[in-house]
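As structure tokens, the structure follows; a few thoughts come after it.
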Amino acid sequence: MKSEPDDVSFDDVLASPGQVTSWYGVRNYQARNFIRDGMKVGDGVLFYHSSCAVPGVAGLAEIVSAPYPDATQFDPKSPYYDPKATPEQPRWMGIDVKAVHQGRYVDLKELRSHPELEHMRLLAKGSRLSVMPVEPAEWRFIVKLIG
DNA sequence: GCCAACGTTGGC
DNA sequence: GCCAACGTTGGC
């Protein structure tokens, strides 16, 4: 899961009550589907910092809720407001994420240096989704790198 | 700030 | 349903 650290950093989540943050604002259908159809309590998360000086995996996190309608879609004052969404027919989903381990910051340059990770979806050309799956072998490899 | 990649929008 | 225009993402 990608977050802009200027918005919400891994440290911010660690400093939050219960080390839990509500993940909202996803407005891409493919990313929405990964949340809605692919995430469940206990799933591991690579918390990735994007659009910053040194992009990379900032820590390990975990899904701690089921997916639920992202409340910002109903709020006309929110930048994430979607006039076509209604509580009866929500369009966008959020989920709760808990920071569990910080370890070593593994930056994008290092990720790209490992042949084991060359097929990572995150590293694919043109990959822009803010939420995407990680293969089990890639997950295990990165967990070791983080330490 | 640039630009490639990609998604969405809207006229037809 | 096509596709050009436009907007966004995100690394550099």
Side-chain angles (χ1 to χ4, degrees), chain A residues 1-16 19-39 43-63 65 67-147:
Chain A
M1 301 180 86
K2 295 186 196 170
S3 182
E4 301 188 14
D6 290 346
D7 184 11
V8 180
S9 71
F10 193 75
D11 284 337
D12 292 336
V13 183
L14 283 174
S16 300
Q19 293 77 55
V20 173
T21 193
S22 175
W23 205 281
Y24 59 90
V26 170
R27 293 296 180 269
N28 171 285
Y29 288 104
Q30 227 182 325
R32 188 275 313 268
N33 293 348
F34 286 137
I35 293 174
R36 188 189 59 189
D37 308 331
M39 287 183 159
D43 284 350
V45 172
L46 298 176
F47 195 105
Y48 181 86
H49 283 178
S50 67
S51 292
C52 56
V54 186
V57 177
L60 301 179
E62 184 181 325
I63 298 300
S65 80
Y68 51 81
D70 173 351
T72 62
Q73 70 192 302
F74 310 126
D75 177 3
K77 295 193 189 75
S78 169
Y80 300 112
Y81 178 59
D82 183 344
K84 292 180 180 166
T86 65
E88 294 73 29
Q89 294 261 303
R91 181 177 287 198
W92 306 110
M93 305 298 277
I95 203 161
D96 291 349
V97 175
K98 178 178 183 172
V100 295
H101 177 65
Q102 187 152 35
R104 184 170 71 85
Y105 191 92
V106 179
D107 69 21
L108 178 60
K109 190 183 289 185
E110 177 176 352
L111 292 172
R112 290 199 187 283
S113 76
H114 293 292
E116 292 88 342
L117 302 178
E118 67 179 333
H119 296 119
M120 262 194 101
R121 190 158 185 156
L122 172 73
L123 305 180
K125 189 182 172 91
S127 168
R128 298 187 310 176
L129 292 177
S130 59
V131 178
M132 67 189 95
V134 177
E135 293 303 316
E138 296 163 350
W139 166 265
R140 290 190 297 268
F141 188 82
I142 292 173
V143 166
K144 280 185 195 165
L145 290 181
I146 290 172

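In this text, all values refer to a predicted model and were calculated from it rather than measured experimentally. We name chains A, B, ... by the order of the sequence lines, and we start the count at 1 in each one.
To the nearest angstrom, P of C:dG7 lies 19 Å from OH of A:Tyr80. When the C1' atom of C:dT9 is taken as reference, atom CG of A:Leu123 falls 16 Å away, rounded to whole Å. Distance, A:Leu122 CG to B:dA5 P: 17 Å, rounded to whole Å. Atom CZ in A:Arg32 sits about 14 Å away from atom P in B:dG7, given to the nearest Å. Atom CE in A:Met120 sits about 14 Å away from atom P in C:dG10, given to the nearest Å. Atom P of nucleotide B:dG7 and atom CZ of A:Arg91 are separated by 17 Å, given to the nearest angstrom. When rounded to the nearest whole Å, the span between CZ of A:Arg128 and C1' of C:dG10 equals 9 Å. Going from atom OH of A:Tyr48 over to atom C1' of C:dG11 covers 8 Å, rounded to whole Å.
Ion pairing between a basic and an acidic side chain is recognised when a charged N comes within 4.0 Å of a carboxylate O; A:Lys144 and A:Glu116 show no such pairing.
In this structure, A:Glu118 and A:Leu123 have side chains that are not in contact, with every pair of non-hydrogen atoms separated by 4.5 Å or more.
Heavy-atom neighbours of A:Tyr24 OH from other residues, nucleotides or ligands within 6.0 Å: at or below the threshold of 12.
Remark: the A:Tyr80 side chain and the A:Asp75 side chain contain no N/O donor-acceptor pair separated by less than 3.5 Å. Of the N and O atoms on the side chains of A:Asp11 and A:Ser9, not one donor lies less than 3.5 Å from an acceptor on the other residue. Between the side chains of A:Ser130 and A:Tyr48, no donor-acceptor pair is found at a separation under 3.5 Å.
Screening A:Arg91, A:Arg27, A:Arg32 for a side-chain hydrogen bond (donor to acceptor under 3.5 Å, both in side chains) with A:Asp70, the sole residue that qualifies is A:Arg27.
Taking side-chain N and O atoms only, A:Lys125 has no distance below 4.0 Å to OP1 or OP2 of B:dA4.
Shown for residues 23-31 of chain A: residues whose heavy atoms fall under 4.0 angstrom of DNA chain B, namely A:Asn28, A:Tyr29, A:Gln30. Of all the residues in residues 109-119 of chain A, not one reaches under 4.0 Å from DNA chain C with any non-hydrogen atom.
Using the six-membered ring where Trp is involved, A:Trp23 and A:Phe47 have ring planes that are perpendicular, over 60° apart on the 30 and 60° scheme.
Taking the ring centroids of A:His49 and A:Phe10, they lie at or beyond the 6.0 Å cut-off.
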